[in-house]
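Each remark here refers to the structure printed beneath this line.
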2 protein chains.
Amino acid sequence: MSVSALSATSSPTPAHVRDLLTRAGLRATQQRVLILGGLLALRDHPTAEQVHRQVAAEAPTLSLGTVYKALDSFVVAGLVKRVAVADGAARRYDADCSPHHHLFCTATQEILDYRDPQLDQLIQEFLAARGFENFQPHSFSLHITGEKIIRPA
Amino acid sequence: MSVSALSATSSPTPAHVRDLLTRAGLRATQQRVLILGGLLALRDHPTAEQVHRQVAAEAPTLSLGTVYKALDSFVVAGLVKRVAVADGAARRYDADCSPHHHLFCTATQEILDYRDPQLDQLIQEFLAARGFENFQPHSFSLHITGEKIIRPA
DNA sequence: TTGGCTGCAAAACTTTTGCAGCAAT
DNA sequence: ATTGCTGCAAAAGTTTTGCAGCCAA
């Protein structure tokens with residue numbers, strides 16, 4: 001199974017991004033359309049700083065503070081998730097809120113998405129059968145650490 | 001199954017902590033014995049700041065910078081792991097490097113350990129059978145989000 | 001119109017770094 | 001005696017906050 005194939009997504013149009021924001025109850029300002037669009041365009045779970053650089057060309061006056069505030073409101077609205085990373089100083093964001101797992105590449109620091117409904121079901125059923133006495137699980141995600149393999153052509 | 005029962009560990013003696021450090025090829029200074037001992041005593045995957053507070057009573061002159069440097073060297077030596085958290089500004093540390101999973105309580109922000117060799121094997125076998133084309137997994141850990149249940153007495 | 005959002009900038013907070021002296025081996 | 005570690009303090013980096021003005025609804 002190819003990992004890269006799993007994270008393939010098409011860049012959404014500004015109109016679609018506006019729609020996402022409006023549906024979430026947020027104002028579709030020019031800045032937020034760019035920020036959310038930029039996050040969607042960057043596949044590798046970028047930091048706020050990286051999103052800021054991504055949109056800098058299109059909106060040179062857009063401030064980093066606004067990026068932070070916007071990303072925060074996206075998270076609250078459920079449009080975006082924060083990704084848990086042990087290394088690295090800055091938080092990283094994921095525009096994909098559907099259930100999926102993460103592959104952490106120790107070589108490139110990339111975070112690749114890994115979607116596998118069959119695995120989800122397996123874990124889900126195991127946890128349900130196992131049962132916790134004093135913990136009620138809501139969701140789970142698997143953090144897989146390893147290395148990308150570069151195959152010779 | 002009880003969650004709290006899973007994370008029960010006995011506080012090690014200073015002599016044992018010294019031994020851990022020496023075996024890892026690190027100098028067993030008074031500060032490091034306190035820092036590693038403090039981390040082992042704090043069950044809830046504390047921040048560097050929390051470890052510093054923990055040892056402050058016994059060593060008032062021990063500086064926060066030393067705690068950071070010590071924790072770093074512990075991580076490099078493999079004595080300690082950094083825990084991946086999406087929320088919260090500071091990194092959190094785990095003195096337990098044996099394979100285990102984490103339960104994140106959304107109510108109390110606690111991080112509980114969850115050890116389950118049966119689950120490990122299940123996932124391990126699934127991933128081996130599934131196979132990745134261009135990713136070589138080394139290890140994995142399950143992040144389970146949910147809430148602690150407080151049962152009436 | 002108006003309430004949320006932006007930009008700017010300061011502040012708070014976390015983590016890293018440099019270096020002289022000290023202590024564990 | 002060496003060499004790594006400590007303490008102090010400054011610096012770097014990340015994130016939050018306050019506020020006046022602006023803009024999407």
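Throughout, protein chains are lettered first and strands after them, A, B, ... in sequence-line order, and every chain is numbered starting at 1.
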Checklist outcome for this item: Scoring nucleotides 15-25 of chain D by protein non-hydrogen atoms under 4.0 Å (B base, S sugar-phosphate only, - none) yields BBBBB---BBS
Item to check | Between C:dG4 (C1') and A:Leu21 (CG): distance, integer Å | outcome: 13 Å
Checklist entry - Got a sec, which hydrophobics cluster with A:Ile150, joining ILVMFWY side chains under 4.5 Å apart, including via others? => result none
Next on the checklist: Could you work out, with ring pair (Phe, Tyr, Trp, His ring centres under 6.0 Å) as the rule, every residue matching A:His102, not counting sequence neighbours?
Outcome noted: A:His45, A:His100
Next on the checklist: Using side-chain heavy atoms (C-beta onward) and a distance below 4.5 Å, is B:Phe140 in contact with B:His101?
Outcome noted: yes
Next on the checklist: With a sphere of 6.0 Å drawn around CD of A:Gln30, does it hold more than 12 non-hydrogen atoms of other residues, nucleotides or ligands?
Outcome noted: no
Checklist entry - Which ones in residues 51-61 of chain B lie close to DNA chain C, meaning a heavy atom under 4.0 Å from one of its atoms? => result none
Checklist entry - In whole angstroms, how far is the C1' atom of C:dA23 from the CG atom of B:Leu62? => result 14 Å
Donor-acceptor pairs under 3.5 Å, side chain of residues 59-68 of chain B to any protein atom, not counting sequence neighbours: which ones?
residue : atom : partner : partner atom : Å
B:Ser63 : OG   : B:Thr66 : N            : 3.3
B:Ser63 : OG   : B:Thr66 : OG1          : 3.1

Next on the checklist: According to side chain to side chain contact (heavy atoms under 4.5 Å, CB included), who are the partners of A:Ala77, at least two apart in sequence or on a separate chain?
Outcome noted: A:Ala24, A:Leu26
Checklist entry - Between B:Arg32 and D:dT6, is there a side-chain N or O to OP1/OP2 distance below 4.0 Å? => result yes
Checklist entry - So, is B:Thr66 near the phosphate of D:dG7, with a side-chain N or O under 4.0 Å from OP1 or OP2? => result yes
Checklist entry - the helix from C:dT1-D:dA25 to C:dT25-D:dA1: angle between its terminal axes, five pairs each, to 10°? => result 50°
Checklist outcome for this item: Residues at least two apart in sequence or cross-chain that pass side chain to side chain contact (heavy atoms under 4.5 Å, CB included) with B:Pro46, listed by chain then number, are B:Leu39, B:Leu42, B:Gln50, B:Val51
Checklist entry - Apart from B:Ile111 itself, which Ile, Leu, Val, Met, Phe, Trp or Tyr residues share its cluster (side-chain heavy atoms under 4.5 Å, direct or through members)? => result B:Val83, B:Val85, B:Phe104
Checklist entry - Nearest-Å distance, CZ (B:Phe74) to C1' (D:dT6)? => result 13 Å
Next on the checklist: Going by side chain to side chain contact (heavy atoms under 4.5 Å, CB included), name the residues that satisfy it together with A:Val17, two or more places apart in sequence or in a different chain.
Outcome noted: A:Pro12, A:Leu21, A:Val33, A:Leu36, A:Leu40
Checklist entry - Listed by chain and number, what are the side chain to side chain contact (heavy atoms under 4.5 Å, CB included) partners of B:Ser139, not counting sequence neighbours? => result A:Thr145
May I have the list of side-chain donor-acceptor pairs in residues 121-129 of chain B shorter than 3.5 Å, sequence neighbours left out?
residue  : atom : partner  : partner atom : Å
B:Gln121 : NE2  : B:Glu125 : OE2          : 2.8

